[in-house]
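The structure appears right after this line, and notes come after that.
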2 protein chains.
Amino acid sequence: MSEQRSSTGPTTAGAHDGALAELVGLAGYVELRTFGLLAAHAVGAPDLAGAQQLARVAGRVLRRQEELLAVGTAQGADELSLMEPFRHVLDPFDERTPASSWWEGLLKGVVGHGVAGDLCRLLARGLPAQDAAAVGAAIGVTDAEREHDDAATVLVRSAAQADAVLASRLALWGRRVVGESLTLAQTLLAQRPALAGLAREAARRFHQPGEAGVDVTAWVLSELTAEHTRRMDRMGLAA
Amino acid sequence: MSEQRSSTGPTTAGAHDGALAELVGLAGYVELRTFGLLAAHAVGAPDLAGAQQLARVAGRVLRRQEELLAVGTAQGADELSLMEPFRHVLDPFDERTPASSWWEGLLKGVVGHGVAGDLCRLLARGLPAQDAAAVGAAIGVTDAEREHDDAATVLVRSAAQADAVLASRLALWGRRVVGESLTLAQTLLAQRPALAGLAREAARRFHQPGEAGVDVTAWVLSELTAEHTRRMDRMGLAA
């Protein structure tokens, strides 16, 4: 059905618009929170270089969020209404991952935002082609963005290389944060039929036609875990 | 001398380059800190609308900071070296103005950043014309920026209108913050001859030729106080 719609051209209201709005609202809210987390860490950065770099990463997250919200408002939705349903979505996650140091807070941002971004990109692959392109352009990671995001990654990697105790503590913390992030992803898919529909469609397109027994949630979690492992590798932390 | 240089065209190294570098470094560092303060307040905003608005104000402060640093780096300076001398410039100010609530923290950002921005714009008027134009473009406030900055102002105004006790507490707090801000401005002029030179030149241009007995520091403080009063008026707070 989505294939059909994407081939018929210009936007028409339909079942998929609800899914697009949900995805934009979720991603927009999570990026707003990530912005706040990274910016707050810029304040407490160990040196001026780190402060400036983290401020830039935060600024880039905010610009991406604004582009994403623009995709939603282009369809007539109000940006606050888009995000409102997800206002408390991070509360249980935050309660279960109280960072006990600046480094833990920074890693929480990198890991949590990483998983959330991967989830949103994955779900975007379930949108009709034209919407997928619009959302993908806003939340897709270009090389330039990757370089910016890596400022946080590089900070963690350098600190971990210089301090083995910190490295093992952060590795442990990363596992806890990713565990809670994956729980959150599962909860979202269970509670939000529109998002679950996007995941199903993304899985359908990813797998061979007729491939039997695909558990959509398991597929999503394995994709997110694989990306998380790569991210921890880049930071020199055991996943 | 500065007039002469601005009329001779392209940039040549000179006494004023030190002043430009100092002004860019000071303004850049203060904006980095303001960014962090506003972004951190976006996290704790009373509602989603406030969070989004404050994030945007913070994002705009950061963009302005990056434009400003670019003016310095265009002259061959490294952006971190520009800011480094001012790394601890806000420490005594911060020690003397510990915000005891989210609102006090927000007002501290509005008032402190306001005074700092006014000081930098005033000092920029003492630069040779070409530098003044470059710096002015980066730290000058356009109508669009004013509208964004006013998001914080509007938040304070609404809260003060709705709660007389809060309004009188914030008015008191604003006086304390502006007092410390003016002390900081005086300290800077006393400790940084290059910045004091800009203030002298700005005062010279402002006043009538031959006008006697101009106390530069007193003139700077009176200009900053006048702008502060207008800012407090816009927030509906007694200055």
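So that the names make sense, note that chain A is the first sequence line, chain B the second, and so on, each numbered from 1.
Contact annotation for A/Q65: only side-chain heavy atoms (C-beta onward) come within less than 4.5 Å of a heavy atom of chain B. For B/L54, no part lies under 4.5 angstrom from a heavy atom of chain A. Using a 4.5 Å cut-off between heavy atoms, A/L38 makes no contact with chain B at all.
Note that CD of A/Q53 is 8.0 Å distant from CG of B/L80, once rounded to the nearest 0.5 Å. Expressed to the nearest 0.5 Å, how far CD of B/Q52 lies from CZ of A/F35 amounts to 9.5 Å.
Applying the 6.0 Å contact sphere to CZ of B/R169 captures no more than 12 heavy atoms from other residues, nucleotides or ligands.
Salt bridge A/E79/B/R56: present, at least one basic N to carboxylate O contact under 4.0 Å.
Nearest heavy-atom pair, A/L48 versus B/R87, reported as atom, atom and distance to 0.1 Å: CD2-CG, 4.0 Å. The heavy-atom pair separating B/G59 from A/L62 by the smallest distance is CA-CD2, 3.9 Å. A/G36 and B/V43 get closest at one heavy-atom pair: CA-CG2, 3.5 Å.
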